[in-house]
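Numbering of residues begins at 1 and proceeds along the displayed sequence.
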Amino acid sequence: MTTDQAVLVLRLAAPLQSWGGPSRYNRRDTLLQPTKSGTLGLLAAADGRSRETSLSDLLGLHLGVRVDQPGTLLRDYHTVSDHRGLPLPSAKVDAKGLQKKTSPAKYTGVTQRYYLQEAVFTPVLRGPAPLLAGLEHAVRQPVFPLSLGRRSCPPTGPVSLGLRPDADLQEVLVRLKAGADAPGTPARRRGFRVTHRTADQQIGWLLKQADRHGFTIPIAPTTEPAPGLRIDEPLVPAPAVALTTRDILRFHKRTGGPRVTVSTATFQGRLRVTNPDTLRDALLTPQG
């Protein structure tokens, strides 16, 4: 049976992303995964559509999102001021509908902006094949710069992973994760490993190695606040280890060969040796 429907697969990855939810004024939150409005906005920018152009033909697209790497939440301390040195406008308006100046005059405003750090998502959109084919071409050669929620968040790497035959969105996401992208796609001869990119993932990896490699990481001591001082949140016991430096190394094993990317992490803290022989073997044998 033939169908005029298709599925467009995208990859949204960047150091920072922000997908606005129901927030306004001085606090701008982010949702934990791409929104449909944000995804359609990206496609519209790639297609060269202005803010005034109708997006009615895109509203019928069905969206599904797979969270490959959730990332971590970042709060940005952000200030706003008028470059001319004028007082900031207030939220009130006068009889003419113009914003009033702040009274007393306020020259700097503090806002809170939230971002997702090092998150990776795989959105898939299902809809008319001709429409998605045009959008897929636009994403590969965008008219306007692409951004992941905000202009300060450009994507890293190719955004389009191509078109797929018509199928249920959940089925497409499962097939992508299993490596079976489309019928007839040759299987990889060798697999690849996805690195632990965030600080929490890298510390979590170290903690998982402890028991089977002959050591434990004790809990760091907590110090109660000085008399008269108050803490906003209760102290939570945590392992006595910190991530001090992180780096990404890229190289080729041979001239013209595939590029290898390695993420490195340096930890500092305390550990307690429980099995010297097992720990010695672990230190002398590469771990992954």
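- Counting only N and O atoms by type, the side chains of T72 and Q117 include a donor and acceptor under 3.5 Å apart.
- By the 4.5 Å heavy-atom criterion applied to side chains, L125 and L135 are not counted as neighbours.
- Salt bridge D57/R49: present, at least one basic N to carboxylate O contact under 4.0 Å.
- Side-chain contact between L16 and L74 is present, with heavy atoms from C-beta onward closer than 4.5 Å.
- At a threshold of 4.5 Å between non-hydrogen side-chain atoms, the residues L40 and L61 count as touching.
- A 4.5 Å side-chain heavy-atom check between R28 and Q112 finds every atom pair outside the cut-off.
- Taking hydrophobic clusters as Ile, Leu, Val, Met, Phe, Trp and Tyr residues chained together by side-chain heavy-atom distances below 4.5 Å, I219 does not share a cluster with V273.
- No side-chain heavy atom of D68 sits less than 4.5 Å from a side-chain heavy atom of F121.
- Under a 3.5 Å cut-off, the side chain of Q5 and the backbone N or O of A129 do not form any donor-acceptor pair.
- Between the side chain of S81 and the backbone N or O of Y107 there is no donor-acceptor pair closer than 3.5 Å.
- Between L98 and V93, the closest side-chain pair of non-hydrogen atoms is not below 4.5 Å.
- Shown here is H78, whose NE2 atom has more than 12 heavy atoms of other residues, nucleotides or ligands within 6.0 Å.
- Cluster membership for L32 and L42, using ILVMFWY side-chain heavy atoms within less than 4.5 angstrom, is shared.
- Side chains of R75 and Y115: a donor-acceptor N/O pair is absent below 3.5 angstrom, by distance only.
- A donor-acceptor contact closer than 3.5 angstrom links the side chains of S18 and R150.
- Between L163 and L132 the shortest side-chain heavy-atom distance falls below 4.5 Å.
- In this structure, R84 pairs ionically with D82, as a charged nitrogen and a carboxylate oxygen lie closer than 4.0 Å.
- When side chains are defined from C-beta on, L63 does not count as touching V124, because their heavy atoms never get closer than 4.5 Å.
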